[in-house]
**Q** 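Mind looking over this structure? Questions follow.
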Protein chains: 2
Amino acid sequence: MALRSRESTGRTGNRTPVKERLLHVATRLFARHGFEGTSVQDIVDAAGVTKGAMYHYYGSKDDLLYEVYHQVLSMQLSHLDEIAAGPGTAEQRLREAAADVVRTSLDNLDDMIVFFRSLHMLPDDKQVQVRAERRRYHDKFKALVEEGVAAGTFRADISADIVVHYFLSVVNQLGSWYRPDGPLSPAEVGDLFTELLIGGLATR
Amino acid sequence: MALRSRESTGRTGNRTPVKERLLHVATRLFARHGFEGTSVQDIVDAAGVTKGAMYHYYGSKDDLLYEVYHQVLSMQLSHLDEIAAGPGTAEQRLREAAADVVRTSLDNLDDMIVFFRSLHMLPDDKQVQVRAERRRYHDKFKALVEEGVAAGTFRADISADIVVHYFLSVVNQLGSWYRPDGPLSPAEVGDLFTELLIGGLATR
DNA sequence: GGGGTCATACCGGCCAGTCGGTCTAAAGTT
DNA sequence: AACTTTAGACCGACTGGCCGGTATGACCCC
C-alpha cells in the first residue's frame, strides 16, 4: 500500500479536505436517513475515511450535527442583518428578507431537512445555543414587520410575533415538499411566498 | 406478588384500557424525545406495564408510530370532507377548513410534533400509505383554492399547489413554537392564520 | 379448560466512543 | 546534509451497553 498520491487523502479522486468532507456527507446522510438512522460508520464510509479521522476532527456525533445548524443559521442571520440595515421601505426590505431566506434555504435543502427534524437530538446545552441564534433571527425579522405596521403599510391587528412564526414555518417546512427537479426554481418559490406573505399583511 | 387489585391493570389508579394507554404515552414520549430517543422500555414503564403487554397489542414499535399518524390524519380528512361538501362560497369554506385544521392540530399538538418529525422512521410501505393519505388531504384543500380562483375571488397567478404547500407548512410547524400556556388559544391562532392566508390569496 | 391478557427472562445485533499505534512532513540539531 | 525529534493526521480493532424483539408460561374470566 502506501501509494497515497500525495495531495493528502487519496482513494477516490476526492480532494476536498477531510474535515469538510465529513460535514458534507454527514449532512447528506442525516437528511436522508435522520440523525439516529445514520451511524458514525456510515458517515466515515461515505467520506472514505475511518472513525479515527472523524473523532480527530469532531468531538462527537453531536458535534457534527451542531455544525450543520451553526453554519446555516449564521449565514442566514448575516444576510438578514445586511438586508435590514439596507435602504428601502420596510415593505421593500421585508420582501427582500423573505425572498432571501426562502432562496438560501432551498439552496441548502439538506441542511434545512436536518434542521427541523433533528434539533431535539442535540444535547441540552447546544440546543440552547441554537435556539438563541434562532431567536435572534426571529426578532430581527419581527422588527421589520413592526416597522411596516408603524408606517401603516401593514395591518396592525395581527401581532408581529404571529406573523413571523407563520412565515418561518413555511421556510422550515420547505424540505418536506420541495423537489429540486420540480418546475419551480428556488427564486421563483421565494417570490411567490413573498407575495403570499405581503398580501396577507397588507392593509386593505 | 399477584396482588393485582382486580379492575384490570392496577399499580397506579389508571383505568383507561392498556392498549389506548400505551398509544397515548407513546405519543407523548415520541413528541418529547423523538421516536428513536424513546425505547420500548420507556413506553411500557410510563404505561405501567411490561413489554409483554405492548407486543400483545402492537406488532412492533413502528406500529405504534403508524397509529399516531393514522388517527390524526383520518380525523382531519373527515373534517375537511364535511366542510368542503358543506354550504357557502369557496372563500367561506376555505376559511372554515383552514381554521379547523389549525385548531385540531393545536388540540393534538403531540401528534403533530411526532408527525412532522418522525415520518421518515416508518418502514417504507407504511410511509407510502401515510403519504397517500396526506396527498388526499392536500388535493382536497387544493380543490377548494381552485374553486375560489375560478370564482374570481382568489388571484390566479399563484398555483393552488404552492398555496397549499404554503399553508400546510404552517400547520405542520405548529408544534415547534406553540405553547398551550401562551396568550393565544387554538381558535385564535386559527383565525389569525386564516386571515393571513385569505389576505395573501385575495385579488386586489 | 381454553382463549385472552399480560409478566419475566433472555438473546443477538448494533453502535458510539476509545485507544494504541502508524505514517508523514516539518522543525530543530549538529 | 544527515539525523533526530515532534506533532498532526489518520487507522482499525475492540468494548460495553443498550435496545427491539421473542419464547414461555402464569393468571383470570367465561
Side-chain angles (χ1 to χ4, degrees), chain A residues 1-12 14-26 29-30 32-68 118 120-123 126, chain B residues 1-12 14-26 29-30 32-68 118 120-123 126:
Chain A
M1 298 283 166
L3 38 79
R4 276 293 211 274
S5 64
R6 59 166 62 251
E7 196 56 49
S8 70
T9 48
R11 194 177 327 282
T12 67
N14 206 329
R15 56 190 60 260
T16 59
V18 172
K19 186 174 180 184
E20 283 141 44
R21 190 152 31 118
L22 278 167
L23 184 58
H24 185 252
V25 301
L29 289 174
F30 289 163
R32 304 276 176 276
H33 315 293
F35 179 72
E36 304 271 38
T38 306
S39 73
V40 172
Q41 196 61 49
D42 291 339
I43 298 170
V44 297
D45 284 352
V49 295
T50 62
K51 285 215 225 175
M54 200 219 104
Y55 281 96
H56 178 68
Y57 290 111
Y58 299 95
S60 66
K61 194 185 170 192
D62 296 326
D63 257 29
L64 226 28
L65 184 57
Y66 177 73
E67 281 303 314
V68 178
S118 304
H120 65 292
M121 289 302 167
L122 275 179
K126 292 199 178 145
Chain B
M1 301 280 169
L3 37 79
R4 274 294 213 273
S5 63
R6 62 168 58 253
E7 193 57 49
S8 71
T9 48
R11 193 174 334 277
T12 67
N14 207 330
R15 58 190 60 258
T16 60
V18 172
K19 186 174 179 183
E20 282 141 44
R21 190 152 32 118
L22 278 166
L23 184 57
H24 186 251
V25 301
L29 289 174
F30 289 164
R32 304 275 177 277
H33 316 293
F35 179 72
E36 303 272 39
T38 306
S39 72
V40 172
Q41 197 60 50
D42 291 340
I43 297 170
V44 296
D45 283 353
V49 294
T50 64
K51 285 213 239 176
M54 201 217 101
Y55 280 96
H56 176 68
Y57 291 110
Y58 299 96
S60 67
K61 195 185 168 192
D62 295 327
D63 257 30
L64 227 26
L65 184 58
Y66 177 72
E67 280 304 312
V68 178
S118 303
H120 64 293
M121 289 301 166
L122 276 179
K126 294 202 175 140

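By convention in this document, chain letters (A, B, ...) are assigned in the order of the sequence lines, proteins followed by strands, and residues within each chain are numbered from 1. Heavy atoms only: backbone and side chains are in, while hydrogens, waters and symmetry mates are out.
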**Q** Is the closest side-chain heavy-atom distance between B:Tyr58 and B:Leu23 below 4.5 Å?
**A** yes
**Q** So A:Tyr55 and A:Val40, do their side chains get closer than 4.5 Å, heavy atoms only?
**A** yes
**Q** Heavy-atom contacts under 4.0 Å between residues 54-64 of chain B and DNA chain C, which residues?
**A**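 Result for residues 54-64 of chain B: B:His56, B:Tyr57, sorted by number.
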**Q** May I ask you to check whether over 12 heavy atoms, not counting those of A:His24, lie within 6.0 Å of atom NE2?
**A**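 Not buried by this count: 12 neighbours or fewer within 6.0 Å.
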**Q** With rounding to the nearest 0.5 Å, note down the distance linking NZ in A:Lys19 to CE in A:Met54.
**A** 11.5 Å
**Q** Taking only residues at least two apart or on different chains, which pairs with a member in residues 40-53 of chain A satisfy salt bridge (Lys or Arg N to Asp or Glu O under 4.0 Å)?
**A** none
**Q** Can you measure B:Asp45 atom CG to C:dC6 atom C1' for me and round it to whole angstrom units?
**A**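 Checked: the CG to C1' distance equals 15 Å.
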**Q** Using 0.5 Å steps for rounding, measure from the CZ atom of A:Phe30 to the CG atom of A:Leu65.
**A** 6.0 Å
**Q** Does the side chain of A:Glu36 reach to within under 4.5 Å of the side chain of B:Phe35, using non-hydrogen atoms?
**A** no
**Q** Report the nucleotide, chosen from C:dT18, D:dC11, C:dC6, that has the shortest atom-to-atom distance to any side-chain atom of A:Lys51.
**A**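 That would be C:dT18.
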**Q** Could you tell me the separation between the CD atom of A:Glu20 and the C1' atom of D:dC10, rounded to a whole number of Å?
**A**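 A:Glu20 atom CD is separated from D:dC10 atom C1' by 17 Å.
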**Q** Below 4.5 Å, heavy atoms only, C-beta onward: do A:Lys126 and A:Asp63 meet side chain to side chain?
**A**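 Yes. Closest side-chain heavy atoms under 4.5 Å.
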**Q** Just to be sure I understand the geometry, which residues of residues 34-44 of chain A put a non-hydrogen atom under 4.0 Å away from DNA chain C?
**A** A:Thr38, A:Ser39, A:Val40
